[in-house]
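These notes concern the structure reproduced below.
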Number of protein chains: 2
Amino acid sequence: MEPFEHCLNLELRKANRVLSQIYDSFLAPSGLKTSQFSILRAIKFLKNTTNSELQDTLVLDQTSLSRALKPLIRDGYIDVRVGVDRRQKQLLLTVKGRTLYADAEKLWLDAQAYVSDKLGPEMKRSLLNMSDIVVELKG
Amino acid sequence: MEPFEHCLNLELRKANRVLSQIYDSFLAPSGLKTSQFSILRAIKFLKNTTNSELQDTLVLDQTSLSRALKPLIRDGYIDVRVGVDRRQKQLLLTVKGRTLYADAEKLWLDAQAYVSDKLGPEMKRSLLNMSDIVVELKG
DNA sequence: ACAACTTACATGCATATACATCTTTATACA
DNA sequence: TGTATAAAGATGTATATGCATGTAAGTTGT
């Protein structure tokens, strides 16, 4: 009897949904979703950055990022300035954004610790390694 | 120098985005997205099923599934009947739905083969195993 | 039989995500 | 110096996803 062939994509999506909900529940007190937290975090590390640099960092479509930034700009966490190349926009955290990030980072650390503990170091390495390999498939 | 601590959730999300785009591009000729394909596939294997059985199978929130079904019902791929328990709905593939699934399954097989080849058997096992473990975290 | 509770599903709302396409600005080259 | 091309973003459209909440229908205890 041929075993059921699991769809790699569905399995990954299921894991993604579960993991995102876990991180989201930890981050909830900050009012941020994990995707928003990731954007703030990326900008924090990249300092003054641009839309396209963020796209690469987050492996996110240009149009997706464009929209994802909106609520963060609207709520005053990210500041936008026209670049030297006037097509570009410079993105940076506002004071409010840095404060929020600092608070949310504590919650994120809890989530990361919780999941790390549940997975164990081996499975954690496996997740990171596998994710890396899959991202490499991007053409 | 402490290495950068990767967010497990972000890494998984990035992989998820890339993989979903690959599967979506293979499935595009059918007009289905992978999430829709997964729903048809699940109903095909479960035969006559219900909303809540699908939720468990797909690890999907009740409200998410409720909405995901809409376009598939609207386009005539899934038939809905009230169950014996009149709160429930019986879901089954229509003839049109079975035909579409059969066509899309060929495209899915190509995607699955493409990705399996790129990943290799070990990484594939790793993906499935890791996904399974993460889904287990769901409380 | 009836009130309290629970279960199944839908809806309002907000964000997440990407494809096709449009606008604006820069660059390259005849 | 124009003009074709490329690059950066935004927008229209559609689905994906989940939380809070609402509604209808079944179940339970008295």
Side-chain angles (χ1 to χ4, degrees), chain A residues 9-10 12-25 27-40 49-56 58-75 77 80-91 138, chain B residues 9-10 12-25 27-40 49-56 58-75 77 80-91 138:
Chain A
N9 190 45
L10 175 59
L12 193 62
R13 283 175 86 97
K14 292 195 297 186
N16 183 55
R17 287 197 276 265
V18 171
L19 197 61
S20 287
Q21 278 183 58
I22 293 173
Y23 275 76
D24 275 340
S25 70
L27 283 177
S30 73
L32 289 173
K33 306 292 204 66
T34 58
S35 28
Q36 302 178 319
F37 175 79
S38 294
I39 291 174
L40 296 187
T49 186
T50 66
N51 211 314
S52 74
E53 200 177 16
L54 267 183
Q55 288 161 40
D56 292 343
L58 300 172
V59 188
L60 198 53
D61 185 86
Q62 179 264 308
T63 66
S64 303
L65 178 59
S66 181
R67 277 184 232 268
L69 288 171
K70 283 193 176 174
L72 297 170
I73 295 167
R74 177 198 64 202
D75 296 342
Y77 304 125
V80 185
R81 312 183 178 169
V82 281
V84 185
D85 180 333
R86 282 183 306 164
R87 292 170 303 182
Q88 287 189 341
K89 297 186 167 178
Q90 302 290 318
L91 303 170
K138 189 176 176 65
Chain B
N9 189 46
L10 175 58
L12 193 61
R13 282 175 87 97
K14 292 195 297 188
N16 183 56
R17 287 198 276 265
V18 171
L19 196 61
S20 288
Q21 279 184 57
I22 293 173
Y23 275 77
D24 275 340
S25 70
L27 282 176
S30 73
L32 288 174
K33 305 295 202 63
T34 58
S35 28
Q36 301 178 320
F37 175 79
S38 294
I39 291 174
L40 296 188
T49 186
T50 66
N51 212 313
S52 75
E53 200 176 18
L54 269 182
Q55 288 162 39
D56 292 341
L58 301 172
V59 188
L60 198 56
D61 184 87
Q62 180 263 307
T63 66
S64 303
L65 178 59
S66 180
R67 277 182 232 269
L69 287 171
K70 283 193 176 175
L72 297 170
I73 294 167
R74 176 199 65 201
D75 297 341
Y77 303 125
V80 186
R81 313 183 178 169
V82 281
V84 184
D85 181 332
R86 281 181 308 166
R87 289 170 306 182
Q88 285 190 341
K89 297 187 167 179
Q90 301 292 316
L91 302 169
K138 189 177 176 64

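Just so it is clear, the structure is predicted and the values come from calculations on it, not from any experiment. What's counted below: heavy atoms across the whole structure, side chains too, no hydrogens, waters or symmetry copies. Proteins come first, then strands; the chains are lettered A, B, ... in the order of their sequence lines, and each starts at number 1.
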>> I want to check one thing: is the phosphate of C:dT11, taken as OP1 and OP2, less than 4.0 Å away from some side-chain N or O of B:Lys70?
In response: yes
>> Assuming nearest nucleotide by heavy-atom distance, tell me which of A:Arg74 and A:Asp61 is located more 5' along DNA chain C.
In response: A:Arg74
> Given atom CD of B:Gln55 and atom C1' of C:dC9, what is their separation to the nearest angstrom?
Replying inline: 9 Å
>> Measuring only between side-chain heavy atoms, which start at C-beta, is A:Lys138 closer than 4.5 Å to B:Arg17?
In response: no
> What is the distance, rounded to the nearest whole Å, between atom CZ of B:Arg67 and atom C1' of C:dA14?
Replying inline: 11 Å
> CD of A:Gln36 versus P of C:dT17: gap in Å, rounded?
Replying inline: 10 Å
> What nucleic acid atoms does A:Gln62 come within less than 4.0 Å of, heavy atoms only: base, sugar-phosphate, or nothing?
Replying inline: base
> Base, sugar-phosphate, or nothing: which does A:Leu65 touch, judged by heavy atoms less than 4.0 Å apart?
Replying inline: nothing
> Given atom CG of A:Leu27 and atom C1' of D:dC19, what is their separation to the nearest angstrom?
Replying inline: 15 Å
> Just how far, in rounded Å, is P of D:dT27 from CD of B:Gln88?
Replying inline: 10 Å
> Using a cut-off of less than 4.0 Å, is there contact between a side-chain N or O of B:Arg86 and OP1 or OP2 of D:dA24?
Replying inline: no
> Can you tell me if the side-chain N/O atoms of A:Arg87 get under 4.0 Å from OP1 or OP2 in C:dT27?
Replying inline: no
> Taking atom P of D:dT15 as reference, at what distance in whole Å does atom CZ of B:Phe37 sit?
Replying inline: 19 Å
> For A:Arg81, what residues pass the side chain to side chain contact (heavy atoms under 4.5 Å, CB included) criterion, not counting sequence neighbours?
Replying inline: A:Asp79, A:Gln90, A:Leu92
>> Counting only side-chain nitrogens and oxygens, does B:Thr63 get under 4.0 Å of the OP1 or OP2 atom of D:dG18?
In response: no
> Starting at NZ of A:Lys14 and ending at C1' of D:dT17, how long is that distance when rounded to a whole Å?
Replying inline: 16 Å
>> If the cut-off is 4.0 Å, is B:Ser66 near the phosphate of C:dC9, judged by side-chain N/O to OP1 or OP2?
In response: no
>> Please tell me if B:Asn51 has a side-chain N or O lying less than 4.0 Å from either OP1 or OP2 of C:dA10.
In response: yes
> Are any of the side-chain heavy atoms of A:Leu10 and B:Thr34 separated by less than 4.5 Å?
Replying inline: no
> Nearest nucleotide by nearest heavy atom, which residue falls closer to the 5' end of DNA chain D, A:Gln21 or A:Thr50?
Replying inline: A:Thr50
> Does the side chain of A:Gln36 come within less than 4.5 Å of A:Leu27's, by heavy atoms?
Replying inline: no
> Can you find a pair of side-chain heavy atoms, one from A:Leu69 and one from A:Leu65, that are under 4.5 Å apart?
Replying inline: yes
> Can you tell me how far P of D:dA10 sits from CD1 of A:Ile73, to the nearest Å?
Replying inline: 7 Å
> B:Ser64 side chain N/O closer than 4.0 Å to the phosphate oxygens (OP1, OP2) of D:dA16?
Replying inline: no
> Would one find a side-chain N or O of A:Lys33 under 4.0 angstrom from OP1 or OP2 of D:dT17?
Replying inline: no
